[in-house]
Undergrad: 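Please find one structure pasted underneath; my questions will follow.
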Amino acid sequence: MTRAEDALSPEALGFDPQQLSERYRHERDRRVRDDAESQFVEVTNDSPFANKYLADDPYSEPLERAPIHDEREVIIIGGGWVGMMTAARLIQAGVTDVRIIESAADFGGTWYWNRYPGAQCDIESYSYLPLLEETGYMPKLRYSFAPEIYEHAQRIGKHFDLYKDAVFQTWVTGLRWEEADARWVVSTNRGDEMKARFVCLGTGPANRPRLPGIPGVDTFKGHTFHTCRWDYEYTGGSHEGNLDKLADKTVAIIGTGATAVQCVPALGASAGQLYVFQRTPSSVDARNNSETDPVWTAGLKPGWQAERQKRFGETLLGGPVYPEFEDEGWTRMVRNLQALAAQAGDVPPEGLGNLAQLADFKTMEQIRSRVDETIDDPELADKLKAFYNQFCKRPTFNDEYLETFNRPNVELVDVSDTKGVERITERGIVANGKEYEVDCIIYASGFEITSSYQRRIGIPIYGIDGESIYDHWEGGTRTMHGLMSRGFPNLFLCGGLFVFQLGANYCYGVDVQADHVAYTVSEVTRRGNTVANVSAEAEQRWIDDQLSAESSQAQLILGGSPESCTPGYYNQEGTHERYRDVRLESYGKGLGAYRKVLDSWRAAGELEGLELS
Ligand code: NDP
């Protein structure tokens with residue numbers, strides 16, 4: 001036996017890779033559905049059934065105001081991180097006439113809407129929370145809870161004076177380029193017609209909830225809500241839990257993704273009876289949260305946040321693992337890979353794929369062993385174990401979720417045999433041939449993250465000669481830098497799925513784009529131009545780069561492979577064809593490479609690829 005064979009034998013590893021591969025395949029195959037993404041119900045603003053899941057705002061009183069007809073230099077659609085960071089960078093670049101239009105009653109985007117108990121960001125706060133140095137704020141914990149994050153959004157709004165020009169509780173219903181005066185016309189559900197020279201679309205990757213298309217989903221006579229519109233009036237309590245009004249209620253939650261993992265502990269502690277309907281278990285690693293160390297903060301030098309974000313990104317994408325991230329859950333896989341490589345000695349390049357797979361098995365074995373350590377009943381423990389590669393689904397981190405299933409009032413209902421909940425009735429949920437009568441159904445069923453752009457954004461966009469952007473993209477998204485599309489001048493498509501797929505820390509990717517948009521707008525204006533349209537060649541060059549072998553290869557490592565991963569939104573519910581389309585919406589070489597492309601484009605100072613007039 002060579003040193004590598006010795007180190008990588010089942011005995012040395014502590015698991016049999018062959019057996020695990022077979023189990024992964026089996027678990028995947030029995031969950032793949034022919035109806036793939038069409039198994040979900042589309043939630044639109046104008047569907048009376050869906051209004052409560054999207055248009056209705058349980059957190060604020062409705063606003064009354066007269067329609068607005070005016071003009072701005074820049075309009076940003078969306079007041080989440082993209083909108084706020086883009087506005088902040090524009091203002092820093094001297095472009096101050098900026099209006100944000102937001103559907104919620106305040107800034108915060110996903111953190112405005114997602115107020116469910118236990119909501120938390122599982123990316124460390126020092127890297128995730130934007131503009132910490134600019135606003136002079138230091139998070140209280142390494143992993144912040146939602147109220148602190150929402151408050152920080154408001155802090156940014158105040159710091160950059162974004163409130164004075166913002167328009168809230170307003171849904172954009174259309175975008176039209178008016179050739180004659182080279183302006184965008186932005187229409188809304190309030191009868192507004194606002195004009196702007198530049199528009200940034202920043203509606204985010206997870207702004208539209210999705211509902212499972214379970215037969216009978218609209219017939220239930222009890223109470224229902226989606227986790228992103230948490231109904232505290234019904235449940236009582238707060239983000240901290242203590243959902244006292246559920247004490248005499250039987251509650252069902254459908255879904256066991258990152259959201260459910262965070263809110264199930266509070267539900268289990270408060271509800272009279274809780275049924276958790278699980279189709280696929282999440283991988284649940286330790287959280288190990290801690291308070292921010294004042295000695296560490298006292299020693300920080302200016303520029304620390306950008307540096308930390310960069311190092312965090314590098315660590316996640318294969319190392320080196322910087323010391324500050326050695327105990328970080330997201331780096332467990334990279335650390336395992338490096339340890340295996342050290343044990344195996346020289347591994348030829350063709351063996352690296354196998355080594356990565358072994359490191360993944362090892363990582364998931366460690367995460368599965370947490371289930372055994374927590375759950376006494378081995379049959380229940382097996383159902384709670386995730387048998388797929390770690391990044392097939394969003395990894396989760398929680399110290400209370402698994403423990404909740406030891407409570408006598410909590411029951412896990414495994415619906416994997418029927419590929420999901422069978423049926424919803426007037427009284428409750430049918431699963432595995434049994435009707436569970438419940439008072440309330442909570443949908444932790446996620447968001448339209450990777451469905452078609454049109455369905456996700458829901459805004460008609462007409463550019464030069466009235467061309468619809470969705471027609472322009474019929475064969476796949478066409479952009480330069482993922483930001484601008486030919487025929488749609490002065491329009492920036494910021495954040496969203498493109499950035500979501502670039503790396504785990506969404507806000508860092510958003511800032512990379514925000515800097516770029518701010519530069520482009522200010523530079524076009526400084527040169528005395530009013531219109532910037534991407535040339536056909538520049539658009540094609542970018543697409544060629546996105547589809548290059550190097551990009552495609554990198555993307556497969558980052559994302560969930562459609563052939564081997566369990567179904568989920570990462571791989572369009574396991575369908576191969578759609579996956580290729582979505583790949584057009586990101587940059588497979590990752591955030592570091594993307595940043596370099598944008599940095600050198602700006603450094604060249606040529607606005608290359610833009611036709612200016
Ligand atoms: P997900 O899309 O991750 O999960 C949806 C859940 O609903 C899955 O468990 C899914 O099962 C289940 N489901 C769907 N249809 C059915 C059905 N017919 N029957 C039974 N179960 C069904 O949504 P989340 O809201 O949990 O998370 C969305 C994303 O939001 C995350 O991936 C993450 O990116 C982000 N997020 C981030 C957090 C953070 O800390 N930063 C916290 C929370 C969310 P199946 O897996 O089998 O499809």
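What you see below is based on every heavy atom in this structure, not just the backbone, and it leaves out hydrogens, waters and symmetry mates. Order of appearance sets the numbers: ligands from 1, and atoms from 1 within every ligand.
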Undergrad: With atoms numbered from 1 as shown, which atoms in ligand 1 lie under 4.0 angstrom from a non-hydrogen atom of F500?
TA: 34 (O)
Undergrad: Look only at interatomic distance and state if T256 has a nitrogen or oxygen under 3.5 Å from any nitrogen or oxygen of ligand 1.
TA: yes
Undergrad: May I ask which of C392, G446, G568 has a heavy atom nearer to atom 23 (O) of ligand 1 than the others do?
TA: G446
Undergrad: What about T280: any of its N or O atoms under 3.5 Å from an N or O on ligand 1?
TA: yes
Undergrad: For ligand 1, which part of I214 has a heavy atom less than 4.0 Å away: the side chain, the backbone, both, or neither?
TA: side chain
Undergrad: Going by atom types only, do Y436 and Q273 share a side-chain donor-acceptor pair under 3.5 Å?
TA: no
Undergrad: Would you say E448 and S451 are linked by a side-chain donor-acceptor pair, where the criterion is simply a distance under 3.5 Å?
TA: yes
Undergrad: Side chains of R23 and H26: any donor to acceptor distance under 3.5 Å?
TA: no
Undergrad: Y508 and side chain to side chain donor-acceptor pair (under 3.5 Å): which partner among R595, Q305, R308?
TA: R595
Undergrad: Return the option from E448, R394, R279 holding the heavy atom at the smallest distance from atom 17 (C) of ligand 1.
TA: R279
Undergrad: Does ligand 1 have an atom that lies less than 4.0 angstrom from a heavy atom of C121?
TA: yes
Undergrad: Looking only at N/O atoms, are G420 and ligand 1 under 3.5 Å apart anywhere?
TA: no
Undergrad: With heavy atoms only and a cut-off of under 4.0 Å, state how Q278 meets ligand 1: side chain, backbone, both or neither.
TA: neither
Undergrad: So, for Y59 and Y150, is the gap between ring centers shorter than 6.0 Å?
TA: no
Undergrad: Give me the nearest non-hydrogen protein atom to atom 6 (C) of ligand 1 as residue plus atom name, then the distance to 0.1 Å.
TA: A444 O, 3.3 Å
Undergrad: State the atoms of ligand 1, each with its element, that fall below the 4.0 Å cut-off from a heavy-atom position in K393.
TA: 45 (P), 46 (O), 48 (O)
Undergrad: Flag the pair W330 / F397 as yes when their ring centroid distance falls below 6.0 Å, and as no otherwise.
TA: yes
Undergrad: Among all the protein's non-hydrogen atoms, which is closest to atom 29 (C) of ligand 1, and how far away is it?
TA: Y569 OH, 3.8 Å
Undergrad: Please indicate whether any nitrogen or oxygen in P212 is less than 3.5 Å from any nitrogen or oxygen in ligand 1.
TA: no
Undergrad: Just go through V415, D122, V413, T259 and tell me whose heavy atom is the nearest to atom 25 (O) of ligand 1.
TA: T259
Undergrad: Once you round to the nearest 0.5 Å, how far does OG1 of T374 lie from CG of L384?
TA: 9.5 Å
Undergrad: Do other residues, nucleotides or ligands put more than 12 heavy atoms under 6.0 Å from the CZ atom of R287?
TA: yes
Undergrad: Got a donor-acceptor contact below 3.5 angstrom from the S125 side chain to the L141 backbone?
TA: yes
Undergrad: Could you pull out, from F277, Y116, F447, F397, the option with a heavy atom nearest to atom 28 (C) of ligand 1?
TA: F447
Undergrad: Is the shortest distance from atom 15 (N) of ligand 1 to a protein heavy atom below 4.0 Å?
TA: yes
Undergrad: In terms of side-chain heavy atoms, does Y388 have a donor or acceptor partner in E27 at a distance below 3.5 Å?
TA: no
Undergrad: Tell me the protein heavy atom at minimum distance from atom 19 (N) of ligand 1, and give that distance in Å.
TA: V421 N, 3.1 Å
Undergrad: Please report whether ligand 1 has a polar contact with Q120, defined as an N or O pair separated by less than 3.5 Å (distance criterion only).
TA: yes
Undergrad: With a 3.5 Å cut-off and no angle check, do the side chains of T224 and Y53 form a donor-acceptor pair?
TA: yes
Undergrad: Please report whether the SG atoms of C200 and C494 are separated by less than 2.5 angstrom.
TA: no
Undergrad: Would you mind telling me if ligand 1 is within reach of the side chain of A119, the backbone, both or neither, using heavy atoms under 4.0 Å?
TA: neither
Undergrad: Is atom 35 (C) of ligand 1 close to the protein, meaning a heavy atom under 4.0 Å from it?
TA: no
Undergrad: Can Y128 be said to touch ligand 1, with heavy atoms closer than 4.0 Å?
TA: no
Undergrad: For E148 and S144, which I'm curious about, is there any donor-acceptor pair between the side chains at under 3.5 Å?
TA: yes
Undergrad: Where is the nearest protein heavy atom to atom 21 (N) of ligand 1: which residue, which atom, and how far?
TA: I254 CG2, 3.7 Å
Undergrad: May I ask you to check if R115 and Y232 form a cation-pi contact, with NZ or CZ under 6.0 angstrom from the six-membered ring centre and within 45° of the axis?
TA: no
Undergrad: May I ask you to list the atoms of ligand 1 that are less than 4.0 angstrom from any heavy atom of Q262?
TA: 40 (O), 42 (C)
Undergrad: Given G118, G255, S282, which one has a non-hydrogen atom that is nearest to atom 7 (O) of ligand 1?
TA: G255
Undergrad: Any idea which atoms of ligand 1 are less than 4.0 Å away from a heavy-atom of S445?
TA: 5 (C), 7 (O)
Undergrad: Does the separation of the ring centres of F447 and W113 fall below 6.0 angstrom?
TA: no
Undergrad: State whether a side-chain donor-acceptor pair under 3.5 Å links Q390 with D285.
TA: no
Undergrad: Give the atom numbers and elements of ligand 1 that come within less than 4.0 Å of a heavy atom of F40.
TA: 14 (C), 15 (N)
Undergrad: Could an N or O of ligand 1 be found under 3.5 Å from any N or O of W111, whether backbone or side chain?
TA: no
